[in-house]
Amino acid sequence: MVDVTELLEPIAEDVDGVLLFAPSASYYEQFVDAGLHPIVVAAENDVDAETFVELPVEFADVTDRLTFGIEGALDQGYLDDGDAVVCAASVFGDEVDTVSRVRADADAQSGIYDLFTNTRAEPNVLRSVLELVIELGKKGQKGEPVGALFVVGDAGNVMNKSRPLSYNPFEKSHVHVGDPIVKVMLKEFSRLDGAFVISDQGKIVSAYRYLEPSAEGVDIPKGLGTRHMAAGAVTRDTNATAIVLSESDGMIRAFKGGSLVLELDPEEY
């Protein structure tokens with residue numbers, strides 16, 4: 001009979017680091033007892049790992065989960081560019097059942113880590129908005145491409161740097177961006193001009209806002225229009241994060257601190 005262990009040895013041969021995604025205490029201790037110091041990626045550091053990357057959301061897609069962990073480990077200095085890394089995660093159940101070998105690439109950042117860290121908005125709020133925009137990007141509005149702009153976090157400053165284009169349907173309401181019924185409303189309103197403004201906690205503060213920060217000095221990729229310029233400008237002047245769905249090319253782009261941090265194709269999700 002073939003020794004499967006021998007066949008799998010190359011996966012862990014000469015690696016520079018090990019990432020454990022939400023490991024049990026007993027599984028983590030096996031690595032520590034073997035003299036290894038794995039990097040733990042989880043919602044909380046329940047195993048008191050010396051090297052830890054906080055996972056703000058439980059990505060359903062394992063690739064996004066691994067990407068977040070690797071980018072976080074690079075950002076915190078636990079890994080160096082070019083390091084060979086073994087990632088162990090749970091995909092089909094509660095126990096670790098999937099092992100991957102990858103190479104950390106500092107030049108191939110997806111932006112997923114940057115989007116969810118160092119932001120005022122709660123990670124679950126950003127995830128809800130991103131999921132909504134992905135769905136809009138896939139289905140459009142009645143089969144037609146649609147553009148949309150969501151500004152998340154630091155809502156007070158965003159409101160002060162914008163003006164209404166029309167009646168605000170969310171005025172004096174207390175609806176949350178993650179509510180299923182609200183998502184239907186947002187899809188319908190997205191076909192109209194203006195930005196949605198959402199608080200740190202996910203309350204929809206306003207729709208139909210015209211963002212007024214000066215675009216002077218905002219550096220966005222060539223070919224992007226006024227919606228992207230407004231997103232860059234408002235995130236430069238506030239602590240908000242802006243997520244844009246482009247009507248022209250269907251791509252989703254996120255801005256923080258006046259810069260583009262994430263670009264993805266909704267059809268890939």
Side-chain angles (χ1 to χ4, degrees), residues 1-119 122-124 126-128 130-131 134 138 252 254 261-269:
M1 180 179 292
V2 176
D3 188 339
V4 176
T5 304
E6 291 182 5
L7 293 176
L8 294 177
E9 279 183 2
I11 294 178
E13 186 177 4
D14 297 327
V15 296
D16 301 297
V18 177
L19 268 67
L20 302 182
F21 289 77
S24 65
S26 60
Y27 190 75
Y28 172 74
E29 288 170 1
Q30 292 180 49
F31 284 83
V32 175
D33 292 342
L36 301 173
H37 298 282
I39 303 163
V40 170
V41 184
E44 296 182 5
N45 190 4
D46 295 329
V47 298
D48 294 325
E50 295 180 5
T51 49
F52 172 69
V53 175
E54 182 179 0
L55 190 68
V57 293
E58 186 59 40
F59 296 102
D61 187 291
V62 67
T63 302
D64 288 343
R65 209 182 316 166
L66 300 188
T67 298
F68 184 96
I70 293 169
E71 292 183 4
L74 281 166
D75 182 71
Q76 296 183 40
Y78 300 149
L79 294 176
D80 294 321
D81 185 27
D83 279 354
V85 187
V86 164
C87 301
S90 304
V91 177
F92 301 101
D94 295 331
E95 300 295 329
V96 170
D97 51 36
T98 301
V99 177
S100 304
R101 180 188 175 109
V102 298
R103 191 165 294 278
D105 186 351
D107 295 327
Q109 299 291 290
S110 71
I112 291 178
Y113 177 79
D114 200 7
L115 177 65
F116 285 99
T117 56
N118 302 318
T119 180
E122 294 181 359
N124 283 332
L126 282 171
R127 182 179 65 177
S128 292
L130 185 59
E131 289 174 348
I134 287 173
K138 286 181 177 180
I252 295 170
V261 297
L262 176 68
E263 186 175 55
L264 60 86
D265 184 345
E267 297 296 339
E268 296 179 358
Y269 285 77

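Both backbone and side-chain heavy atoms feed into the values below; hydrogens, waters and symmetry mates do not.
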Pairs flagged by salt bridge (charged side-chain N to carboxylate O under 4.0 Å, His left out) wherever residues 64-84 is involved - sequence neighbours left out:
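Every pair satisfying salt bridge (charged side-chain N to carboxylate O under 4.0 Å, His left out) with a residue in residues 64-84: E58-R65.
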Search all heavy atoms of [X] against all heavy atoms of [Y] and return the closest pair with its distance.
X	Y	value
Q109	D105	NE2-O, 3.3 Å
I252	P266	CD1-CB, 3.9 Å
A49	V40	CB-CG2, 3.5 Å
A88	V96	CB-CG1, 3.7 Å
S110	T67	OG-CG2, 3.3 Å
A22	A42	CA-CB, 3.8 Å

If you measure from [atom1] on [X] to [atom2] on [Y], what distance do you get to the nearest 0.5 Å?
X	Y	atom1	atom2	value
I39	L20	CD1	CG	9.0 Å
S24	E95	OG	CD	5.5 Å
L19	L66	CG	CG	8.5 Å
T117	I112	OG1	CD1	11.5 Å

For R103, check side chain to side chain contact (heavy atoms under 4.5 Å, CB included) against everything at least two apart and list the hits.
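Scan of R103 (side chain to side chain contact (heavy atoms under 4.5 Å, CB included), adjacent residues dropped) gives A84.
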Sequence neighbours left out, what passes salt bridge (Lys or Arg N to Asp or Glu O under 4.0 Å) with E263? Give chain and number order.
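Testing E263 for salt bridge (Lys or Arg N to Asp or Glu O under 4.0 Å), a comparison that skips the adjacent residues, returns R253.
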Kindly state each residue pair satisfying side chain to side chain donor-acceptor pair (under 3.5 Å) with at least one member in residues 34-52, sequence neighbours excluded.
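Passing the test, one end in residues 34-52: no pairs.
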Any heavy-atom pair between the side chains of V53 and Q76 that's under 4.5 Å?
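Yes - at least one pair of side-chain heavy atoms lies under 4.5 Å apart.
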So, do C87 and V41 sit near enough that their side-chain heavy atoms are less than 4.5 Å apart?
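In short, these two side chains do not touch, never coming nearer than 4.5 Å.
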If only atom types and distance count, is the side chain of T98 paired as donor or acceptor with the main-chain N or O of S90 below 3.5 Å?
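Looks like no, no N/O pair under 3.5 Å.
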Please list all pairs passing the ring-ring contact (aromatic ring centres under 6.0 Å, His included) test where one or both residues lie in residues 83-114, with sequence neighbours left out.
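Sorted result for residues 83-114: F68-Y113.
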Can you list the residues that meet the ring-ring contact (aromatic ring centres under 6.0 Å, His included) rule with F31, with sequence neighbours excluded?
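Partners of F31 by the ring-ring contact (aromatic ring centres under 6.0 Å, His included) criterion, ordered by chain and then number, come out as Y27.
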